[in-house]
Structures are given as structure tokens and as C-alpha cells.
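Below you'll find the structure, written out as C-alpha cells, and then a few comments.
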Amino acid sequence: MHFTIADLISDITQNGCESGAKLVELEITEGGGEFRFVVRDNGKGMTKEQLSRAIDPFVTDGIKHPHRKVGLGLPFLIQTAEQSGGGWDIQSEKGEGTTITAWFDTGNVDMPPIGDVPGMFRTILMFEGEGEVIIRRSKKLDGEDELDYEIVKTELVEALGGIEDSGSLILLGEYLQSIENSE
């Protein structure tokens with residue numbers, strides 16, 4: 001179950017990382033009453049028929065989760081976006097990759113909490129996969145200030161000497177929290 005927008009984003013981004021992509025990009029923009037994210041990968045992509053099945057909550061390919069009879073990641077995203085006054089778009093081409101965009105009206109009473117953004121970034125950076133992960137974050141703050149930064153997984157892994165041990169994960173968490181809270 002997804003309790004926050006960050007949970008939805010993690011789920012969708014994990015699908016991109018597991019698609020055989022060499023590059024997964026996550027862009028998050030927030031401001032002007034809207035929260036928007038785009039997950040773009042150059043993985044295996046989907047045909048129109050596969051995409052139609054992927055957005056059906058009562059269908060799953062049985063490969064990723066062999067014991068499940070339903071696939072709920074995209075259906076939950078679609079439902080959450082629509083019920084909170086937002087929308088969604090999915091573009092995919094077999095062999096080329098997939099781009100998933102969703103936006104939410106932050107003033108809507110049905111808008112779920114955004115959740116722990118730095119924690120979500122740390123989780124995403126730890127997903128398995130050989131591909132590069134690039135995260136871009138933009139947030140309009142009070143007045144004219146704007147938060148704007150980019151995270152590149154290979155750069156962080158190089159700087160930390162890896163992200164497998166608890167010490168590097170603690171440093172990574174502190175770093176992500178510090179850039180999210182900088183003004």
C-alpha cells in the first residue's frame with residue numbers, strides 16, 4: 001500500500017531501474033500549488049497492449065512477483081493523481097523505454113502527504129541495476145527563493161566509496177537531508 005507520494009515515486013522508479021535501463025531519470029518539481037514528477041528510463045519499454053495491461057489493476061505478468069494475481073503500481077498512481085485533482089501520462093515504446101509523468105494539486109483535500117523526500121532519494125539510489133540514476137529536484141519556496149539540485153548516483157558512489165555499508169548510508173542520508181533543507 002502507498003501512503004505517500006514518495007511511496008508511489010519509489011515504486012515507479014524501481015520499475016524503471018529493473019527494466020534493464022542504462023539510464024533512469026527522476027525529476028520532481030514542486031510549487032505554484034502543484035507537485036509533479038517524471039520518471040524516464042531507456043529500458044525495455046512496452047507495446048500499446050502491454051501498457052494497456054500495465055494500467056489494469058487486475059493484470060500482472062507474473063514475472064516480477066510470481067505469486068501475485070494483480071499489479072497495482074500504475075493503477076494506484078493513476079487513482080491517486082486523479083482523486084487529488086491532478087493527472088498522469090505514460091509514454092512507452094518497446095525497446096526504447098518509458099516516461100511516466102504525474103501531477104497533483106497540493107491544495108486538494110485528497111492530496112496524500114508527500115512523504116520523506118530525502119529518504120525516498122536514498123532508497124532509489126540503492127535500487128539494484130547497472131544503470132545510472134539521475135535525480136533532479138526543483139521546489140519553489142516562499143518568496144523568490146528556489147531549491148534546485150541534481151544528484152548523480154555514480155558521483156555519489158565514487159565520493160562515498162560505495163553505498164553498501166551502514167557508514168556510507170548514514171553519510172548519504174545526511175547529505176540528502178542537507179541539500180533538501182538548504183535555502
Side-chain angles (χ1 to χ4, degrees), residues 1-19 21 23-41 43 54-55 57 64-65 68 70-90 98-129 131-142 146-153 156-157 160 163 166 168-183:
M1 183 57 122
H2 301 101
F3 295 104
T4 67
I5 299 297
D7 294 331
L8 289 167
I9 296 170
S10 292
D11 185 42
I12 300 303
T13 307
Q14 184 175 19
N15 290 342
C17 291
E18 293 175 348
S19 72
L23 176 62
V24 176
E25 297 174 277
L26 168 61
E27 298 173 14
I28 295 177
T29 56
E30 185 178 357
E34 181 180 86
F35 183 93
R36 175 180 295 261
F37 75 88
V38 178
V39 177
R40 184 178 303 107
D41 71 66
I55 63 175
K64 184 175 176 183
H65 303 287
R68 286 191 191 167
V70 296
L72 296 174
L74 289 174
F76 273 148
L77 171 66
I78 292 166
Q79 178 186 7
T80 303
E82 289 177 349
Q83 79 182 15
S84 63
W88 59 278
D89 181 64
I90 304 173
T98 302
T99 300
I100 298 172
T101 305
W103 56 95
F104 308 85
D105 177 353
T106 57
N108 189 295
V109 68
D110 291 322
M111 166 78 177
I114 292 171
D116 178 9
V117 173
M120 172 190 61
F121 290 163
R122 183 169 60 176
T123 298
I124 289 169
L125 292 166
M126 293 170 36
F127 287 150
E128 291 185 32
E132 177 70 274
V133 175
I134 299 175
I135 300 169
R136 294 179 188 91
R137 172 80 158 123
S138 177
K139 181 178 181 180
K140 188 76 168 171
L141 304 170
D142 294 333
E146 188 169 316
L147 177 66
D148 195 16
Y149 60 88
E150 179 178 273
I151 302 163
V152 180
K153 182 177 180 176
L156 287 173
V157 169
L160 293 169
I163 54 172
S166 60
S168 61
L169 289 174
I170 290 169
L171 286 173
L172 176 59
E174 290 173 353
Y175 171 69
L176 295 170
Q177 191 70 49
S178 72
I179 58 176
E180 179 67 17
N181 293 333
S182 65
E183 296 181 35

Next on the checklist: Is there a side chain to side chain contact (heavy atoms under 4.5 Å, CB included) between Ile12 and Leu26? Walk through the geometry before answering.
Outcome noted: CA-CA 10 Å; Ile12 300 303; Leu26 168 61; over 6 Å; no
What pairs with [X] under side-chain contact (heavy atoms from CB on, under 4.5 Å), at least two apart in sequence or on another chain?
X      : value
Ile114 : Glu30, Phe35, Met111, Val117
Leu23  : Glu25, Asn42, Glu132, Ile134
Asp105 : Asn108

Rounded to the nearest 0.5 Å, how far does [atom2] of [Y] lie from [atom1] of [X]?
X      : Y      : atom1 : atom2 : answer
Ser19  : Gln14  : OG    : CD    : 11.5 Å
Phe104 : Glu34  : CZ    : CD    : 9.5 Å
Ile90  : Leu74  : CD1   : CG    : 4.5 Å
Leu8   : Thr80  : CG    : OG1   : 5.0 Å
Leu77  : Glu82  : CG    : CD    : 9.5 Å
Leu176 : Leu156 : CG    : CG    : 7.0 Å

[X] versus [Y], closest heavy-atom pair with distance:
X      : Y      : value
Ala81  : Trp103 : CB-O, 3.9 Å
Pro112 : Phe3   : CB-O, 4.1 Å
Met126 : Leu169 : SD-CD2, 3.4 Å
Ala21  : Val24  : CB-CG2, 3.8 Å
Ser10  : Met120 : OG-CG, 3.3 Å
Ile163 : Leu125 : CD1-O, 3.3 Å

Next on the checklist: As a test of understanding, state which of Arg136, Lys139, Glu180 forms a side chain to side chain donor-acceptor pair (under 3.5 Å) with Tyr149.
Outcome noted: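 The residue from Arg136, Lys139, Glu180 that satisfies side chain to side chain donor-acceptor pair (under 3.5 Å) with Tyr149 turns out to be Glu180.
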Checklist entry - What do you reckon, is OH of Tyr175 surrounded by more than 12 foreign heavy atoms closer than 6.0 Å? => result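 Incorrect, the count does not exceed 12.
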Checklist entry - So, does Thr106 use its side chain to make a donor-acceptor pair with the main chain of Gly33 at under 3.5 Å? => result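 Yes.
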Checklist entry - Run the side chain to side chain contact (heavy atoms under 4.5 Å, CB included) check on Ile179 and Phe121 step by step: do they pass? => result CA-CA 12 Å; Ile179 58 176; Phe121 290 163; over 6 Å; no
Next on the checklist: Consider side-chain contact (heavy atoms from CB on, under 4.5 Å). Of Asp148, Ile28, Ile151, Thr29, which one does Arg137 pass it with?
Outcome noted: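 Output: one option passes, namely Ile28.
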Next on the checklist: Could you check whether Asp7 and Thr4, counting side-chain N and O atoms only, form a donor-acceptor pair closer than 3.5 Å?
Outcome noted: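 Indeed, the side chains of Thr4 and Asp7 share at least one donor-acceptor pair under 3.5 Å.
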